[in-house]
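Notes follow the structure.
One-based numbering along the sequence shown. Computation of the quantities below employed the complete heavy-atom set of this structure, encompassing side-chain atoms and omitting hydrogens, waters and symmetry-equivalent molecules.
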Amino acid sequence: MSREPNYEFQEWWNKQREKNHEFFTNDTNNPNNGFLTVEINSSNPDRTADKDRARSARQLSWVCLLRFQQLANSLASITNASILLLRTANRRISSADSPSDSSTSRLYRIIKFFLFLVVLLLCVELLAYFKGWHFSPPSEASAEAAVELVYAKWLEIRADYLAPPLQSLANVCIVLFLIQSVDRVVLMLGCFWIKFKRVKPTAAMEYPVGRVEGENVEDYPMVLVQIPMCNEREVYQQSIAAVCIMDWPKERMLVQVLDDSDDLDVQLLIKAEVQKWQQRGVHILYRHRLIRTGYKAGNLKSAMSCNYVKNYEFVAIFDADFQPAPDFLKKTIPYFKGNDDLALVQTRWAFVNKDENLLTRLQNINLSFHFEVEQQVNGVFINFFGFNGTAGVWRIKALEDCGGWLERTTVEDMDIAVRAHLCGWKFVYLNDVKCLCELPESYEAYKKQQHRWHSGPMQLFRLCFLDILRSKVSMAKKANMIFLFFLLRKLILPFYSFTLFCIILPLTMFLPEAQLPAWVVCYVPGIMSVLNILPAPRSFPFIVPYLLFENTMSVTKFNAMISGLFRFGSSYEWIVTKKLGRSSEADLVAYEKESDTLSEASSLLRSSSDSGLEELSKLQVTKKTGKTKRNRLYRKELALAFILLTASVRSLLSAQGIHFYFLLFQGVSFLVVGLDLIGEQVS
């Protein structure tokens, strides 16, 4: 069915044309009329012109209808996409695995109120901007309308009552920020001095590489090796194999596999792996607790209560995803010779998946600074640092002297290190000895790990503060432990990072009477990021994402610090960090080859190898039946993203360049993390 032409539009067009023609041609008495009049002679009749005008009107009508249809389709697509995004967000939030504790829900409510506040303030500032009040602020005397009077009163309240306390809080956070920055600079200077002077711990002796004929095995002390694990389906084989092939006389070493798994299939797999290595002549035992009290500390405490432990002098501890080199014990045990006051030898971590995604690259920057700078400097200058919980060798006498493993916190490694230091024991850190391990690849696993790492120290600080004051160590060591080890690096750092950059900075955009200097927002954080990234020079291209991500993680660390300090429920919750075992299958083949020398009979070796392949096949089958992984949305991070983006809009109105760009990029960083786009992605 053909569409009828639009005669109304055509008639209107002709009338307008005739009216304009009369305007320019009727006034013949005007001498200036000549340059406005143009005479055109045409042989075409007026009927042809009318048809052209009708055709042009129809074309214009069709174009308008087409544009309207395209606009309607675009609006429908945007609406459908928004609805789909909201449904996905609601599904991810509602399908959260871990229940929110009181501290998390309380903090989220505060952030939501803060978001509502900044959105309301932005609406007020937008109204003032379009009214011109930003350029000529009204006063109560000159105000004419009621809205103008309200805004003038708001300016007075803002300047007299709100800005001063905000500026005072900002000044306190700036001072804390500068103190922490000075601490970082001092640590870096100490690291440079160690590198320049080539200072490193020296051992009184060395063990020969490999096995030497005629050597006296009595020269090798008795070593107990412990592998605590819990439902470590993906990595149990690689850790057990790596420990069993270590270059140490087998009659002088006992391996304890401390399994706290509540999954029966995983228990059977680990038990079969232990039996396989027992058949190869390795002294290895499988221990399983029916009741998992005390988490890892309870597991280690239970293992140390065995009667045969008194026959051993040292204990090496490896988490389930750690793969020590064959010469690990030969590089660490010699440092105990002649150092009767030495309790711990800690080695450095190396990561098999540091280049897997952006999240693992950023973790590598943090941990490289921790080991290369913090651990090494503290080990050289004060012989004390926090035990990393794995990849270390303890003198069993030192463990017994300081009370053994306690179940009172979720950072049992830091707890035992603090108590050993207060008893007068010394520590040695070996930066050149590395132990392979795995970094969390998903943001969910990393967030849970960081929550435990930052809530536990606050629990421990509450419990051991009086013990530190009563101890017999020097006042310098007490001050170092209280002010540097606990307060500055465990409490002040997450406090000022979250408060300064996530709360105070957005508020100063709406309360411009309180200000943060540009050097606080940009220059000093940039310099600190450069210092942090120096131990991992290959990561320099990621310096900007690193700076933004550290500020993004401040909300998790701040929440963990508060929950540990005030004893909220989640501070005592232990969640095993999820591992993927990316290197386990490739390394398993190498372990099978290197373990040939451990077998005394070829038939036994063949049966063991067949058993290993069967267990590996069973592992692959059970992997498929594991828990389904999915990406999530993180509400606190998303709410903070909208707060920072809202503040960036307000900063744009005031033409604050550095503050605008920082708020914009930091808001985008929170948005990326809140949408769970930074780590492992599950389709």
May I ask you to decide if [Y]'s main-chain N or O and [X]'s side chain share a donor-acceptor pair within less than 3.5 Å?
| X | Y | answer |
| --- | --- | --- |
| H454 | M561 | no |
| N299 | L258 | yes |
| S368 | I365 | no |
| S455 | G564 | no |
| N378 | E374 | yes |
| Q238 | Q323 | no |
| T347 | A391 | yes |
| H283 | E251 | no |

Throw together a table of side-chain donor-acceptor distances under 3.5 angstrom for residues 301-312, partners on residues two or more places apart or in other chains.
unit_1: S302; atom_1: OG; unit_2: R287; atom_2: NH2; d: 2.8
unit_1: S305; atom_1: OG; unit_2: S302; atom_2: O; d: 2.5
unit_1: Y308; atom_1: OH; unit_2: Q256; atom_2: NE2; d: 2.7

Q | Residues R361, Y546; criterion side-chain contact (heavy atoms from CB on, under 4.5 Å); working and verdict | A | CA-CA 9 Å; R361 292 177 186 272; Y546 170 73; over 6 Å; no
Q: Using the six-membered ring wherever Trp is involved, compare the ring planes of W394 and F387 and label them parallel, tilted or perpendicular (cut-offs 30° and 60°).
A: perpendicular
Q. Using 30° and 60° as the class limits, which term best fits the ring planes of F351 and W349: parallel, tilted or perpendicular?
A. perpendicular
Using side-chain heavy atoms (C-beta onward) and a distance below 4.5 Å, is [X] in contact with [Y]?
| X | Y | value |
| --- | --- | --- |
| P334 | M205 | yes |
| M229 | I270 | yes |
| F461 | M414 | no |
| N431 | K200 | no |
| F318 | T390 | yes |
| F566 | M458 | no |
| L329 | Y207 | no |
| L399 | V315 | yes |

Would you list the atom pairs, donor with acceptor, under 3.5 Å between side chains in residues 487-502 and any protein atom, with sequence neighbours excluded?
unit_1: R489; atom_1: NE; unit_2: D183; atom_2: OD2; d: 3.2
unit_1: R489; atom_1: NH2; unit_2: D183; atom_2: OD1; d: 3.0
unit_1: K490; atom_1: NZ; unit_2: F485; atom_2: O; d: 3.3
unit_1: Y496; atom_1: OH; unit_2: Q180; atom_2: OE1; d: 3.0
unit_1: T499; atom_1: OG1; unit_2: F495; atom_2: O; d: 2.7

Q) Less than 4.0 Å between a side-chain N and a carboxylate O, is that true for R252 and E313? A) no
Atom [atom1] of [X] and atom [atom2] of [Y]: how far apart are they, to the nearest 0.5 Å?
| X | Y | atom1 | atom2 | result |
| --- | --- | --- | --- | --- |
| S529 | N551 | OG | CG | 8.0 Å |
| Y236 | I240 | OH | CD1 | 7.5 Å |
| N559 | I562 | CG | CD1 | 8.0 Å |
| E400 | C402 | CD | SG | 9.5 Å |
| C522 | I527 | SG | CD1 | 9.5 Å |
| E637 | S669 | CD | OG | 10.0 Å |

(Q) Between R419 and D415, does the side-chain contact (heavy atoms from CB on, under 4.5 Å) criterion hold? Intermediate values first, please. (A) CA-CA 6 Å; R419 287 185 283 115; D415 188 1; 2.9 Å; yes
Kindly give the heavy-atom pair with the smallest separation between [X] and [Y], and that separation in Å.
| X | Y | value |
| --- | --- | --- |
| S563 | A560 | OG-O, 2.8 Å |
| H421 | I382 | CE1-O, 4.4 Å |
| F385 | G379 | CD2-CA, 3.7 Å |
| L439 | N364 | CD1-N, 4.3 Å |
| V243 | M253 | O-CE, 4.0 Å |
| K337 | P221 | NZ-CD, 4.3 Å |

Do [X] and [Y] have side-chain N/O donor and acceptor atoms under 3.5 Å apart?
| X | Y | value |
| --- | --- | --- |
| N366 | E550 | yes |
| T552 | Q666 | yes |
| N388 | D413 | no |

Q: Run the numbers on C437 and F322 for side-chain contact (heavy atoms from CB on, under 4.5 Å), then give the verdict.
A: CA-CA 4 Å; C437 64; F322 278 71; 3.5 Å; yes
**Q.** Steps toward side-chain contact (heavy atoms from CB on, under 4.5 Å) verdict (L422, R470)
**A.** CA-CA 9 Å; L422 295 180; R470 297 167 184 164; over 6 Å; no
Q) With respect to R348, which candidate in E372, Q376, Q375 satisfies the side-chain hydrogen bond (donor to acceptor under 3.5 Å, both in side chains) definition? A) E372
What donor-acceptor contacts under 3.5 angstrom involve side-chain atoms of residues 184-193, with partners at least two apart or in another chain?
unit_1: R184; atom_1: NH1; unit_2: N532; atom_2: OD1; d: 2.8

Please output the side-chain donor-acceptor pairs of residues 477-484 that fall under 3.5 Å, not counting sequence neighbours, one pair per line with the distance.
unit_1: K478; atom_1: NZ; unit_2: L469; atom_2: O; d: 2.9
unit_1: K478; atom_1: NZ; unit_2: S471; atom_2: O; d: 3.0

**Q.** By side chain to side chain donor-acceptor pair (under 3.5 Å) - contacts of Y220 (at least two apart)
**A.** E215
Q) Does the ring centre of F465 sit less than 6.0 Å away from the ring centre of F486? A) no
Q | Y429: ring pair (Phe, Tyr, Trp, His ring centres under 6.0 Å) partners, not counting sequence neighbours | A | none
**Q.** Enclosure of K330 NZ (heavy-atom neighbours >12, cutoff 6.0 Å)
**A.** yes
